[in-house]
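Numbered from 1 within each chain, the chains take letters A, B, ... in sequence-line order.
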Protein chains: 2
Amino acid sequence: MLVTNIIGMVTAKSRATRQRLVESALALFEAHGYSATTVDDIAAQAGVSAMTYFRYFPTKEAVVLEDHFDPIIAESVANQPATLPPLARVARGLREALMHLEESDDSEVRRRIAIAASEPALRSGMHQNTRETEDAIVAALTRHGTPEFTARIAAAACLGAITASLLTWASSTAAQSLRDAVIAALDIVTAAESSAPGSEPAATTGGMQ
Amino acid sequence: MLVTNIIGMVTAKSRATRQRLVESALALFEAHGYSATTVDDIAAQAGVSAMTYFRYFPTKEAVVLEDHFDPIIAESVANQPATLPPLARVARGLREALMHLEESDDSEVRRRIAIAASEPALRSGMHQNTRETEDAIVAALTRHGTPEFTARIAAAACLGAITASLLTWASSTAAQSLRDAVIAALDIVTAAESSAPGSEPAATTGGMQ
DNA sequence: GCCAATAATGTTAGTGACTAACATTCCACG
DNA sequence: CGTGGAATGTTAGTCACTAACATTATTGGC
């Protein structure tokens with residue numbers, strides 16, 4: 001949820017402008033590369049001034065890095081049995097949250113992440129985006145007695161794994177779904193726990209091993 | 001190893017200039033905040049022009065984010081027994097690499113990371129820095145038969161945990177050592193494996209739980 | 001001690017991301 | 001139709017960063 005949503009900017013016209021900006025940006029980034037594309041280019045392509053671009057997106061990065069990926073995670077994590085080790089709770093919570101995600105928009109997400117993977121600055125921007133999610137997970141865990149440091153490390157480990165997984169997934173040609181890529185990553189993080197009580201390994205994922 | 005070390009820049013004078021730039025930057029960042037400090041300010045404080053600053057550091061971030069922290073890690077990881085699950089091998093390799101680190105310069109590192117923690121842009125810059133280390137670990141693991149995806153996820157998970165740990169450590173007032181903070185983080189990531197064969201939990205760390 | 005060669009620094013001029021202040025156009029609703 | 005607020009534009013500026021070229025220190029050989 002990087003982006004404004006400030007009061008105003010909600011009319012049909014504004015939604016259309018925003019959409020044009022996103023599409024122009026992705027197309028130009030794919031065609032000429034991220035750094036070779038200026039904000040002016042994007043704005044011009046969308047039929048709008050650069051100033052208007054910045055009214056919709058706070059930075060050049062933001063138009064790529066908006067994540068539709070910050071959802072009910074905390075809720076899911078909080079619902080895991082407190083008897084599991086923190087890392088397992090986070091991983092299982094993330095897996096469950098994923099199940100409540102429409103499979104549909106994989107393709108645009110893949111475009112975005114593929115662009116992000118191509119530019120170091122954007123790659124690290126992805127990590128920045130997970131900060132909110134990390135905080136939400138930490139809050140969920142500490143509410144049930146996990147010490148803050150432990151909670152944060154467990155969250156950071158899982159999110160680091162997921163981010164790496166997404167970057168690999170988006171750059172790969174395999175017809176794997178985003179969901180399977182993330183699940184595969186979480187399986188690796190919790191591999192040693194697959195024999196622990198109450199934890200069944202998720203469905204195997206084919207290609208990405 | 002963010003920074004130049006290009007041919008030249010190795011004389012006594014250049015080392016002195018570099019040192020002055022680092023000290024000026026840290027002091028100004030601590031005094032007025034990262035974003036309120038301009039590169040011109042830093043250069044002026046060091047008695048040098050802005051252009052000279054950029055001859056030593058490629059970006060404003062770099063003067064903070066140089067890591068003395070990218071060392072023999074791959075070597076250590078490669079030396080772990082291949083019978084362990086990948087995550088455990090990475091964690092144990094990192095722990096061992098840490099042991100070969102002088103404890104001495106904790107204080108400056110702490111200053112740097114504390115500054116990094118205060119600015120989102122710098123925080124994500126830290127992640128960017130770990131990319132080289134991640135690649136080195138992946139290379140070490142795949143050389144011994146671990147699939148690339150698995151290797152990368154394990155590396156990313158551990159490095160994510162370590163980074164989070166460092167950010168917490170640097171902002172805390174506890175007199176803990178950097179080494180103990182990192183070990184504590186790795187213990188959390190591999191908690192479920194502490195009963196696995198050949199893996200003894202590292203020394204407990206007091207404060208940071 | 002003087003004279004190259006080379007390292008270190010400076011100057012100028014530019015690009016591009018981003019901000020602030022203010023002016024303008026568009027559009028819905030009375 | 002006309003008015004108020006939303007959407008957009010203009011201008012002018014700051015700051016990170018780059019390139020090309022000019023200048024000053026430093027150092028090693030004589």
Side-chain angles (χ1 to χ4, degrees), chain A residues 2-22 24-25 28-29 32-66 115-116 119-122 124-125 128, chain B residues 2-22 24-26 28-29 32-66 115-116 119-125 128:
Chain A
L2 253 182
V3 153
T4 67
N5 215 21
I6 293 181
I7 18 183
M9 303 279 186
V10 282
T11 68
K13 186 182 184 185
S14 71
R15 251 176 289 120
T17 301
R18 179 191 192 78
Q19 191 57 30
R20 259 181 294 131
L21 282 170
V22 170
S24 305
L28 289 173
F29 290 159
H32 311 113
Y34 176 79
S35 52
T37 304
T38 73
V39 170
D40 273 333
D41 294 341
I42 300 170
Q45 176 94 354
V48 100
S49 79
M51 186 71 244
T52 294
Y53 171 91
F54 286 109
R55 287 210 176 85
Y56 285 89
F57 302 97
T59 63
K60 184 183 173 187
E61 291 187 8
V63 71
V64 188
L65 293 181
E66 273 192 304
I115 294 170
E119 195 82 7
L122 290 175
S124 61
Q128 192 167 344
Chain B
L2 251 181
V3 152
T4 67
N5 215 21
I6 293 180
I7 18 182
M9 303 278 185
V10 281
T11 68
K13 185 181 185 185
S14 72
R15 252 177 289 119
T17 301
R18 181 193 191 77
Q19 192 55 31
R20 259 181 294 133
L21 282 170
V22 170
S24 305
L26 295 185
L28 288 172
F29 290 160
H32 312 114
Y34 177 78
S35 53
T37 304
T38 73
V39 170
D40 273 333
D41 294 341
I42 300 170
Q45 176 92 359
V48 102
S49 80
M51 187 68 244
T52 293
Y53 172 91
F54 285 109
R55 287 211 177 86
Y56 285 91
F57 303 97
T59 63
K60 185 182 173 186
E61 290 187 8
V63 70
V64 187
L65 293 182
E66 272 192 304
I115 294 170
E119 195 80 9
L122 290 176
R123 236 194 313 256
S124 60
Q128 191 167 345

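- Within the structure, every side-chain polar atom (N or O) of Thr11(A) is placed at least 4.0 Å from both OP1 and OP2 of dA6(D).
- Residue Lys60(B) places at least one side-chain N or O closer than 4.0 Å to OP1 or OP2 of dA16(D).
- At least one side-chain nitrogen or oxygen of Ser49(B) sits closer than 4.0 Å to the OP1 or OP2 atom of dG10(C).
- Separating the CZ atom of Arg55(A) from the C1' atom of dC26(C) is a distance of 14 Å, rounded to the nearest angstrom.
- Distance from the side chain of Lys13(B) is smallest for dA25(D) among the nucleotides dA17(C), dA25(D), dT8(D).
- Going from atom CZ of Arg18(A) over to atom P of dT8(D) covers 12 Å, rounded to whole Å.
- dA17(C) atom P lies 12 Å from atom CG of Leu122(A), rounded to whole Å.
- Rounding to whole angstrom units, CG of residue Asp40(B) and C1' of dT12(C) are separated by 14 Å.
- Considering only side-chain N and O atoms, Tyr53(B) lies nowhere under 4.0 angstrom from the phosphate OP1 or OP2 of dT9(C).
- Using a 4.0 Å heavy-atom criterion, one finds that Thr37(A) contacts the sugar-phosphate atoms exclusively.
- Here the CG atom belonging to Leu21(B) is positioned 11.0 Å from the CZ atom belonging to Phe54(B), to the nearest 0.5 angstrom.
- Checking dC17(D), dA17(C), dG10(C) against every side-chain atom of Val39(A), the shortest atom distance belongs to dA17(C).
- Distance check, rounded to the nearest 0.5 Å: OG1 of Thr59(B) to CG of Leu65(B) gives 7.5 Å.
- Remark: C1' of dA23(C) and CE of Met51(A) are 14 Å apart, rounded to the nearest angstrom.
- Looking at heavy atoms from C-beta onward, Val22(A) lies out of side-chain contact with Tyr56(A) at the 4.5 angstrom threshold.
- The distance between atom CZ of Phe54(B) and atom P of dT15(C), rounded to the nearest whole Å, is 18 Å.
- Salt-bridge annotation for Glu66(A) and Arg18(A): present, with a side-chain N of the basic residue lying under 4.0 Å from a carboxylate O of the acidic one.
- Nearest-nucleotide mapping onto DNA chain D: of Thr38(B) and Ala12(B), the residue sitting toward the 5' end is Thr38(B).
- Look at Ser14(A) and you'll find a side-chain N or O under 4.0 angstrom from OP1 or OP2 of dA7(D).
- The CD-P distance, from Glu61(B) to dA16(D), rounds to 12 Å in whole Å.
- Within the structure, a side-chain polar atom (N or O) of Tyr56(A) is placed less than 4.0 Å from OP1 or OP2 of dT8(D).
- Between Thr17(A) and dT8(D), a side-chain N or O to OP1/OP2 separation shorter than 4.0 Å is present.
- For Lys60(B) and Phe29(B), the positive end is not near the middle of the six-membered ring at less than 6.0 Å and at most 45° from its axis.
- The listed nucleotides are dA8(C), dT9(C), dA6(D); the one nearest the side chain of Val48(B) is dT9(C).
- Here the P atom of nucleotide dA16(D) and the CD atom of Glu119(B) are 12 Å apart, to the nearest Å.
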